[in-house]
Protein chains: 2
Amino acid sequence: MSQPINMIRTNQELLQLIEQLPGMQQHTVKPGQKLFRQDEKARHLYVIKQGIVKCYITEENTKDYILEFFGEGEVMGELELLTGSPILSTVEAVTELVVYKADSAHFLQLLETNATLNKLILKELATRVSQLAIRVSYQQLYPIEYTLLKLLSLFSYQELPLSKKDLADYLAITVRSLNRTLKQLREKNFIPGDGLDIHLSKTELDKLLKRFDDE
Amino acid sequence: MSQPINMIRTNQELLQLIEQLPGMQQHTVKPGQKLFRQDEKARHLYVIKQGIVKCYITEENTKDYILEFFGEGEVMGELELLTGSPILSTVEAVTELVVYKADSAHFLQLLETNATLNKLILKELATRVSQLAIRVSYQQLYPIEYTLLKLLSLFSYQELPLSKKDLADYLAITVRSLNRTLKQLREKNFIPGDGLDIHLSKTELDKLLKRFDDE
DNA sequence: AAAAAGATAGGACATTTGTCCCAGCCCATT
DNA sequence: AATGGGCTGGGACAAATGTCCTATCTTTTT
C-alpha cells in the first residue's frame, strides 16, 4: 500500500544532473511570490535548487486545492511543455527559494539529446501520477481524522512554515474542520480501528500535536 | 479551466504507433478479468486495442477508488516499470477487451530507441498527471451534485456498461449518495449558481438523467 | 500609536454524506 | 418452478463537514 510518501517531494538525482548542465540561470524568489499562475501560458521551466513551493489549483468558487509541496530537485513547467496546455496550477514560493531556470525550447531539446535526463523525467512523471493517485484515494476513502493523522506522521519532523489554511487546502477541508479534527485527536486517545497502516503511540501523537499548541 | 475531460481516456496516436511495431502479441480478455492486481509485481505492459478497462485502488477498509477508465490506445503497466514500485491499481476489463502485450524489457528498450514512442509516453504521463489533478480538485472542492452533473455531461453520449457502483466508486461516494443526488437533480431543476463551467439546459439534463430510468 | 489585515479558535446551526436496513427485480443455475 | 446472488431504490437515523459568525492575537501598514 503505502510507500512512505513524503509530504514534500524532492528529487536529488535530478538536481544533481541539472547542476552539472552548463549555462543554467539561477534565480531567487521571495516567499509568497509566484513562479506560475494557473491558466497562463508557461514560458519556462524551473528546477528547485533550494526551498519549498506549493502548487495549487484555484476553482471558480475560489476554493484552493494544494496539489503538491515541492522541494529540492523538483521540476515545474514540464507538464505544460509536454501537453501544450495552459498552466495547471499556480506555483508559489513558501520559503525563500533558489531555482534553476531554462526556457522551454532548450529543455525540449535536452529531453531528446540527454538520455539520462529523459529517464529521470519519465520516472518523475510516473512517480507523480502514482503519488497523487495514492494520496487522493486515501483522502477520499478515509475520514479526515485518518488522513490528518497520516499527514502529521509525515511532516512532523520537517520544520515547515505552513499555515493552517495551507494544511486545510492540502487536505481539501476547511480550517474549521481541521481545528475540530485536531481537537478530536488530542482528546480522543485515537485508536485507528479497522485496517490502518498508521501506527503511532499516544506519546508520539501528543508530540506531533504539540506543534500546533506552541507555535 | 476545464479542457473537455473525457470520462474514458484514449490515445489514438499511441495506438497507431503500437500497431506498426513488429511482433506485438495480441490477447483478448473477458469482462471482469483482471490484467493487473494491486500490490503485485508488474511483468508486462499492455496497450488497449479495443474495449474499456477500469483502474481502481482498493484501500484497507475495502473501499475502492476508481482512478481511470481507459479505452483505445491507453497504456498500462508503465508506471510500475518506470518507478519500480508494485502495481498501483487493479486493472479490470469492463467490456470484452483486445490488448497488445509487451514484456517490460522490450518496452524499456523501445523507450530508448524509439524517439516517437518516447515522446508519446512523456506526453501521456503528463496528461495523466494533469487530468487526475483537475478531476481530484474538482471532486474535492465542489459538492457531489456539481461533480455528478459534470460527469454526466461527459459520459452521456458514451454507451457504457457501468454499474452504479462503478459510477459511485469513480466519484468516491456511496451508491446511496449517488441515488440521492440523482434524485435531487431530477427534481430540483438544477441551477448551478456561483461560478460554474457547466451549462446544461433543463432539457439536456433530463435526457441525461433518463438513461438511469430506462436501463 | 493606530488601524487594517490576517491567522487562530471555536460556538451554533444547517447541510451533506454515510451506515444500516429492508424490499423488489432480474437473471442464472439448479 | 425455485433459490440465491447481484443490482437497484429508498427510509430512518447517525456522523461528518461546511457555513456563518464572533472574538482574540499577531503582524503589517499607514
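Every chain is numbered from 1 and lettered A, B, ... according to where its sequence line falls, protein lines coming before strand lines. As the structure is a computational prediction, the values presented were derived from the model and not from experiment.
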Mind calculating the distance between CD1 (A:I144) and C1' (C:dG18) to the nearest angstrom? 14 Å
Length of the line joining B:D166:CG and D:dG6:P, which is rounded to integer Å: 15 Å
Is the shortest side-chain N to carboxylate O distance from A:K41 to A:E80 below 4.0 Å? no
Count the heavy atoms of every other residue, nucleotide or ligand shown that sit under 6.0 Å from CD of B:E13, and state whether that count exceeds 12. no
OP1 or OP2 of C:dA9 sitting under 4.0 Å from any side-chain N/O of A:K164? yes
Checking side-chain polar atoms at under 3.5 Å, does B:T174 have a donor or acceptor matched by the opposite partner on B:S177? yes
By side-chain hydrogen bond (donor to acceptor under 3.5 Å, both in side chains) - contacts of A:H27 (at least two apart): A:Q25
For the helix from C:dA1-D:dT30 to C:dT30-D:dA1, measure the angle between the helix axis at one end and the axis at the other, each built from five pairs, rounding to 10°. 40°
Output the rounded distance in Å from CG (B:L182) to C1' (C:dT17). 15 Å
For A:F69 and A:Y170, I'd like to know if the aromatic rings sit close, meaning centre-to-centre distance below 6.0 Å. yes
How close or far is atom P of D:dG18 from atom CG of A:N61, stated in whole angstroms? 12 Å
Could you check whether A:Q50 and A:E72, counting side-chain N and O atoms only, form a donor-acceptor pair closer than 3.5 Å? no
For A:Y46 and A:F36, take the angle between the two ring planes, folded into 0 to 90°, and tell me which bin it lands in: parallel under 30, tilted 30 to 60, perpendicular over 60. perpendicular
Rounded to whole Å, CZ of A:R186 lies from P of C:dT8 at a distance of 13 Å
Whole angstroms only, please: what is the CG-C1' distance between B:L162 and D:dG6? 16 Å
Closest non-hydrogen atom pair between A:L14 and A:G73, with its separation: CD2-O, 3.3 Å
Taking atom P of D:dT17 as reference, at what distance in whole Å does atom CD of B:Q140 sit? 11 Å
D:dT17, OP1 or OP2 - any side-chain N/O from A:T174 closer than 4.0 Å? no
Using atom CG of B:L148 as one end and atom P of C:dT17 as the other, report the distance to the nearest whole Å. 11 Å
Does some side-chain heavy atom of A:H106 sit less than 4.5 Å from a side-chain heavy atom of A:D103? yes
Candidate nucleotides D:dG9, C:dA9, D:dT19, ranked by approach to the side chain of A:N179 - the nearest: C:dA9
Sub-3.5 Å pairs of nitrogen or oxygen atoms, protein against nucleotides 11-13 of chain D:
| unit_1 | atom_1 | unit_2 | atom_2 | d |
| --- | --- | --- | --- | --- |
| D:dG11 | N7 | B:R176 | NH2 | 3.1 |
| D:dG11 | O6 | B:R176 | NE | 3.0 |

What donor-acceptor contacts under 3.5 angstrom involve side-chain atoms of residues 88-98 of chain A, with partners at least two apart or in another chain?
| unit_1 | atom_1 | unit_2 | atom_2 | d |
| --- | --- | --- | --- | --- |
| A:T90 | OG1 | A:Q38 | N | 3.2 |
| A:E92 | OE1 | A:Y56 | OH | 2.8 |
| A:T95 | OG1 | A:I52 | N | 3.0 |
| A:E96 | OE1 | A:K30 | NZ | 3.4 |

Short N/O separations, protein against nucleotides 28-30 of chain D, under 3.5 angstrom:
none

Taking only the side-chain nitrogens and oxygens of B:K63, find out if one of them lies under 4.0 Å from OP1 or OP2 of C:dT19. yes
Pairing residues for B:K54 by the salt bridge (Lys or Arg N to Asp or Glu O under 4.0 Å) criterion, not counting sequence neighbours: B:D166
Would you please test B:E74 and B:T10 for side-chain hydrogen bond (donor to acceptor under 3.5 Å, both in side chains) and show each step? CA-CA 6 Å; B:E74 287 293 338; B:T10 60; 5.7 Å; no
